[in-house]
Amino acid sequence: MRLAIVRLIVVSGALLGASSICAAQIKPPATPPARDVSLIDPNRTLSIPPTTPQGKDASVLHGTRVSDPYRWLENPDNPSVQKWIAVQNAHTETVLAAMPDGKAMIARVQQLAITSTTRSGPLLAHGTLFYMQETPPQPQPLLMAQPWPNGKPRVLVDLNANGGNTAITDYWPSPRARYLAYGTAEGGSELTTVHVLDVATGKVLTDALPWAGGGTTPQGLAWDADEKGFSYVRFAPPQGNAEVKQFDATLVHHVLGEPAASDTVVFGQGYSRVAEYRLLSSPDAKQLAVLTNVGDGGPAYVYLRDGAQWKKIIGDEANVRTAAWVGQRLFVVSYADAPRGKLLAVDAQGAVSQVLGERDGAIQSVEPIASGFLVTRSWGPDWWVEQYDGKARFVRRLPLPAQGISVGSIAAELGQNQALISYAGWTTPARWAEYDARSGHLKTVFEVKPAGDYSNIEAQRIDGLSTDGSHVPVTVISMRGITPNGKRPTILYGYGGFDIPIAPNFVGANLAWLERGGVLAYANIRGGNEFGEAWHVQGQQLHKQTVFDDFHAAALALIDKQWTDRTHLGILGGSNGGLLMGASLVQHPGDYRAVVSMVGIYDVIRHETDFANGAYNVSEYGTVSDPAQFKATLAYSPLQNVQPHTAYPAVLMTTGANDPRVAPWQSRKFTAALQNSTTSDQPILLLTRVNAGHGIGAPFSQRVGNTAIMLTFFAQELGLDAK
């Protein structure tokens, strides 16, 4: 589940100490604070939303009755629900259309979004570079191939003919780059069909393999060494006209030219109802490792294929999170007794040894280069890359900017001295740099040309102090000369879950907010892995309230440092960050003036019990079947904590009808509860996109539209200068 100069380095002792707390030291979640009274603009024109009837449904869990008056909104096939969605969309569109700044904001966002050609996801295979390329306003990116480093790029796959409704979900070159397998999905559903093409001719083969993961469980594919077939992730084929059930994924083997019905299960039969697999092939594809997860957010098991058999090499006690092949050894990142991560190596016989102990910075990824390897690390919002030789001796830190950037994909191969490193930063659009392992030289070979001037943006760091004394870094971004005056219109973004870090990424079209005096802020709250795995664990399961406390601490820091006040502060998040938005606005309705929450989870009590992806999230959120976890969940679940006769801030929620990760009814139920409970005259709005999903693979126009709507709403509610 998964949104993204003057700088101050945050290295206080309190912060360093907080990031190294082990799970046993983590305090239980604090009791949610008493709700405050919202600040209301007396001059606001009243906006009346549609009325939502309430039913008498309820659940009884562990002797506790949980009222569920909006359960009827869960059924999308109910004509009454369809009518409710249409009426809510019409209401939302009417309110947004009446916002006077809308046209100007939309025009500026569209202008800033039309950059030069962008590239992403580079992969090297046998001297050929594969990547995605998009030239705005092209709906979907193209899949490209280029002989590396100086060959001519050419288009392999272009799915733009149908207006961008079909997206490429992933791609996997064969060992000698003769073939390329790629996945596609329709309408934001993420449910993948795998196709294969001949790289030399560009001809698409007859192979079309449906139900190949996506949404609840990630796609995955690994080629055979002879390039005659591959193993891939697949859900069980449905019977007749039934819909596929996105559970019980297995690995199946496919032979090129054979029908999908002939594919046979080779791993994972009966492994787990919520199994997830990451397939990792050695450079020659003669060895295959599989990292298996039982749901999202937990540690992985490591298996190696030995002929037709599979051998478990490492269990969950090693707390493995990622891995990569370095030659014929599998390098595994383990967090057991190493909160920032250590490297273990698995040889061809399955023997495990330590390669690199814990060092400064949390390990984010490992890639081969020359005779050694590269390690990407982070510490809070700071990212860097280190080079090590074949004996794991430190060579150098790569000459990337010291602050304000994050590292993306690294395309590299063992034995090759050059690697392609992608990175971006708050003021740096996507950039590719060729790194020479011998000289240490870094040369930019591709960069996106933005449509605006970002040279006057500056970033500063402040700290929030959470309820348990932990320091929460907050990056504040503004135009140079915009200083704290106590009332800057400010948008605070957070996520807080699933090991996903908040990293510096290009502000892009958000320049439309900054150039008119607005402020952006990004909080490195717990639940992510910016400071290592302990930072993640402190925001999981029984400790989820810590995430909300961290975010509130970040908001109060912005107020305390005089950047803004409660009448000019907005908050933004999506997916798991939508849960963060929901909890934040019901726990502290008076501390935020406006909230934008996208594809969020709000009824955590029902998330697990009545939607596919909820079962996959148990490792992150816990299960309500456990009495202690149920009690903790009920204390923060946004829907159950909406209070009648309470003044709530302005809220804009968005969802997609085809979302496989978060049920659209989550947004419907929470919207209805807020609309029926609020005593303020601030709007509570829901926009449902019919031909959309969680946002992954969304066409360009939808991505730009989402940004424009979000900024228009915040501009209206936070009082952004219209000049």
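What you see below is based on every heavy atom in this structure, not just the backbone, and it leaves out hydrogens, waters and symmetry mates.
- A cation-pi arrangement is absent between R668 and W84, since the terminal nitrogen or guanidinium carbon is not both under 6.0 Å from the aromatic centre and inside a 45° cone about the axis.
- In this structure, the side chain of T192 engages the main chain of E190 through a donor-acceptor pair within 3.5 Å.
- Using modelled atom types, one finds a donor on one side chain and an acceptor on the other under 3.5 Å when comparing T623 with E608.
- Here the CG-OH distance, from N293 to Y616, works out to 11.5 Å after rounding to the nearest 0.5 Å.
- Judged purely by atom type and a 3.5 angstrom limit, S422 uses its side chain to pair as donor or acceptor with the backbone of S409.
- The shortest side-chain heavy-atom distance between V194 and Q219 does not fall under the 4.5 Å cut-off.
- Within the 3.5 Å criterion, the main-chain N or O of W223 finds no donor-acceptor partner in the side chain of Y179.
- Annotation for H253 and G229: closest pair NE2-C, 4.2 Å, computed over non-hydrogen atoms.
- Checking side-chain atoms of E413 against main-chain N and O of H126 turns up a donor-acceptor pair under 3.5 Å.
- Between Y621 and F498, a ring centre-to-centre spacing shorter than 6.0 Å is recorded.
- Checking side-chain atoms of S406 against main-chain N and O of N505 turns up no donor-acceptor pair under 3.5 Å.
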>> Under the criterion side-chain hydrogen bond (donor to acceptor under 3.5 Å, both in side chains), I'd like the reasoning laid out for T322 against R278: C-alpha separation, chi angles, the key distance, then a yes or no.
In response: CA-CA 9 Å; T322 189; R278 283 171 284 172; 4.6 Å; no
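- Of the candidates T166, N658, N691, T166 is the only one forming a side chain to side chain donor-acceptor pair (under 3.5 Å) with E186.
- Between the side chains of S637 and R606, not a single donor N or O lies within less than 3.5 Å of an accepting N or O.
- Using a distance-only test at 3.5 Å, with no hydrogens or angles considered, a donor-acceptor pair links the side chain of Q540 to the main chain of G297.
- The nearest pair of heavy atoms linking L129 to P122 is CD1-CB, 3.9 Å.
- Under the 3.5 Å distance criterion, with hydrogens and angles disregarded, no donor-acceptor pair is assigned to the side chains of N613 and Q246.
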> Can I314 and V346 be said to form a side-chain contact (heavy atoms from CB on, under 4.5 Å), step by step?
Replying inline: CA-CA 9 Å; I314 299 175; V346 182; 4.1 Å; yes
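- Between the side chains of Y602 and S597, at least one donor N or O lies within less than 3.5 Å of an accepting N or O.
- Heavy atoms only, all atoms of each residue included: Y495 and G574 are closest at CE1-O, 3.5 Å.
- None of D158, L156, V155, V157 except one satisfies the side-chain contact (heavy atoms from CB on, under 4.5 Å) rule with M144; the exception is V155.
- Of the possible polar contacts, none joining the T654 side chain to the L687 backbone as a donor-acceptor pair under 3.5 Å is found.
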> After noting the C-alpha distance and the side-chain angles of L251 and V233, does the key distance pass the side-chain contact (heavy atoms from CB on, under 4.5 Å) rule?
Replying inline: CA-CA 5 Å; L251 300 185; V233 175; 3.6 Å; yes
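- Considering only heavy atoms from C-beta on, D659 stays 4.5 Å or farther from Q666 through its side chain.
- Side-chain contact check for T376 and S365: at least one donor-acceptor pair (N or O, by modelled atom type) lies under 3.5 Å.
- With hydrogens and angles disregarded, no donor-acceptor distance shorter than 3.5 Å links the side chain of S575 to the backbone of G577.
- Nearest heavy atom pair, residue Q140 against residue G697, reads NE2-O, 2.7 Å.
- For the residue pair R321/N529, the side-chain donor-acceptor check at 3.5 Å is not satisfied.
- Remark: side-chain polar atoms of Q146 are not paired, donor with acceptor, to backbone N or O of F130 under 3.5 angstrom.
- Side-chain contact, T655 with T688: no donor N or O sits under 3.5 Å from an acceptor N or O.
- Between T292 and the choices Y277, Y303, Y271, Y301, the side chain to side chain donor-acceptor pair (under 3.5 Å) rule is met once, by Y271.
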> T128 and R178: side-chain contact (heavy atoms from CB on, under 4.5 Å), yes or no, with the steps?
Replying inline: CA-CA 10 Å; T128 298; R178 179 181 179 185; over 6 Å; no
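- With contacts defined as side-chain heavy-atom distances shorter than 4.5 Å, the pair I114/F700 qualifies.
- Judged by distance alone, the side chains of H536 and D499 do bring a donor and an acceptor atom under 3.5 Å apart.
- Separation of atoms OG1 (T206) and NE2 (H195) is listed at 12.0 Å; rounding is to 0.5 Å.
- Checked for salt-bridge contact, K669 and D603 meet the test: a charged N lies under 4.0 Å from a carboxylate O.
- For the pair P664 and A657, the tightest heavy-atom approach, listed with the atom from each and the gap, is CG-O, 3.9 Å.
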> For Y232 and W172, what are the C-alpha separation, side-chain angles and deciding distance, and is it a ring pair (Phe, Tyr, Trp, His ring centres under 6.0 Å)?
Replying inline: CA-CA 10 Å; Y232 69 101; W172 306 269; 9.0 Å; no
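- To the nearest 0.5 angstrom, L279 atom CG is 9.0 Å from R305 atom CZ.
- Taking both residues in full, the closest heavy atoms of L280 and A324 are given as CD1-N, 4.5 Å, listed atom of the first, atom of the second, then distance.
- Atom CG in L256 sits 6.0 Å away from atom CZ in F230 (nearest 0.5 Å).
- In this structure, the separation between CE on M132 and OG on S120 is 6.5 Å, given to the nearest 0.5 Å.
- One N or O on the side chain of D284 and one on the backbone of K286 form a donor-acceptor pair closer than 3.5 Å.
- Rounded to the nearest 0.5 angstrom, E258 CD and L209 CG are separated by 11.5 Å.
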